[in-house]
There are 2 protein chains.
Amino acid sequence: MSYTFVRYFTNRMAETETITRNQKKIARYARAMAHPVRVYVLELLSRQNCCYSGDLSEHLPVAKSTLSQHLKELKEAGLIQGEIEAPRIRYCLNRENWKEAQELLKHFLSI
Amino acid sequence: MSYTFVRYFTNRMAETETITRNQKKIARYARAMAHPVRVYVLELLSRQNCCYSGDLSEHLPVAKSTLSQHLKELKEAGLIQGEIEAPRIRYCLNRENWKEAQELLKHFLSI
DNA sequence: TTCGTATTTCGTAAAATTTCGAACATTACC
DNA sequence: GGTAATGTTCGAAATTTTACGAAATACGAA
């Protein structure tokens with residue numbers, strides 16, 4: 001059970017605050033997924049390992065600067081990471097955090 | 001497999017628009033879950049069937065009007081519903097839409 | 001009918017999100 | 001050193017979100 005790697009306070013409310021750390025994390029990840037463009041990007045990245053901003057820009061109906069903004073937010077949420085490669089930047093999922101988001105959200109949805 | 005009740009365009013991109021209907025739905029549900037208070041409420045409701053606004057208000061560190069606003073957003077997202085009962089209002093999950101959210105998000109997270 | 005309880009809606013304000021085009025960075029190649 | 005290719009950051013504007021207290025609503029009970 002991979003769940004054992006994430007501690008859940010949700011059942012015991014084992015913290016002073018009524019809203020737990022995990023609930024805040026869930027909200028944070030959900031916020032990152034709260035835009036169609038970002039859902040599209042995450043879905044693409046979890047299917048094919050990596051992609052370039054240009055690939056996305058070709059298909060998505062938003063300005064490059066807008067796309068860049070969304071990528072920045074996914075990066076700030078910890079869900080993706082970008083590696084500079086020549087004139088381009090290669091974006092990949094941040095597997096570790098993606099896994100945490102999976103576990104937290106799936107658990108949250110399964111209660 | 002309950003998945004058969006939700007059609008996924010995510011693999012085939014079977015629509016004219018690059019962003020699919022389901023990706024928009026996922027973003028919409030994620031947005032509803034994008035605040036700690038709303039995560040708390042959803043988690044409580046999926047654990048115990050129903051609750052009253054007052055119960056929540058007692059525990060959460062927000063003004064009643066703020067809580068009411070969050071409940072309204074969950075209602076607008078289709079995730080909860082409120083039934084008038086005496087002077088109070090009893091909030092429950094909207095099981096049908098909650099199930100859709102579960103299926104869409106879990107599938108999205110499992111790709 | 002008047003009062004108290006439970007909760008929402010309104011008005012308002014601050015902060016965050018979303019979007020775009022223009023300007024700026026970085027590197028590869030003549 | 002120029003120039004093209006690929007992206008990001010900046011500046012600005014519109015919209016949305018979040019939050020609160022005060023006022024309004026709805027209803028049961030005295």
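All values reported here derive from a predicted model rather than from experimental measurement.
With A/Tyr52 as the aromatic partner, A/Arg90 does not meet the cation-pi criteria of under 6.0 angstrom to the ring centre and within 45 degrees of the ring axis.
Between A/Lys25 and A/Glu100, the closest side-chain pair of non-hydrogen atoms falls below 4.5 Å.
Between the P atom of C/dT5 and the CG atom of B/Asp55 lies a distance of 17 Å, rounded to the nearest Å. In this structure, NZ of A/Lys75 is placed 12 Å from P of D/dG7, rounded to the nearest angstrom. Atom CD of A/Glu76 is separated from atom C1' of C/dA16 by 12 Å (rounded to the nearest Å). For B/Glu58 and C/dA6, the CD to P distance is 9 Å, given to the nearest whole Å. Summarising the geometry, the separation between OH on B/Tyr52 and C1' on C/dT7 is reported as 13 Å, rounded to the nearest angstrom. Following rounding to the nearest Å, B/Leu74 (CG) and C/dT8 (C1') show an atom-to-atom distance of 15 Å. The separation between B/Arg88 atom CZ and D/dT25 atom C1' is 18 Å, rounded to whole Å. With rounding to whole Å, B/Leu71 atom CG is found 10 Å from C/dT7 atom P.
OP1 or OP2 of C/dT8 sits under 4.0 Å from a side-chain N or O of B/Ser53.
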Sugar-phosphate atoms are those with a prime plus P, OP1 and OP2; base atoms are the rest. Using that split, label each nucleotide of nucleotides 18-30 of chain C B, S or - for protein heavy atoms under 4.0 Å, 5' to 3'. SBBBB--------
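With hydrogens and angles ignored, the 3.5 Å screen pairs a side-chain donor or acceptor of A/Ser110 with a backbone N or O of A/Lys106.
Listed by chain and residue number, B/Asn49 satisfy the side chain to side chain donor-acceptor pair (under 3.5 Å) test with B/Arg95 (two or more places apart in sequence, or in another chain).
Sorted by first and then second residue, the pairs that involve residues 63-78 of chain A and meet salt bridge (Lys or Arg N to Asp or Glu O under 4.0 Å), not counting sequence neighbours, are A/Arg38-A/Glu73.
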Would B/His70 and B/Val41 satisfy side chain to side chain contact (heavy atoms under 4.5 Å, CB included), going step by step from the backbone distance to the final call? CA-CA 9 Å; B/His70 285 303; B/Val41 172; over 6 Å; no
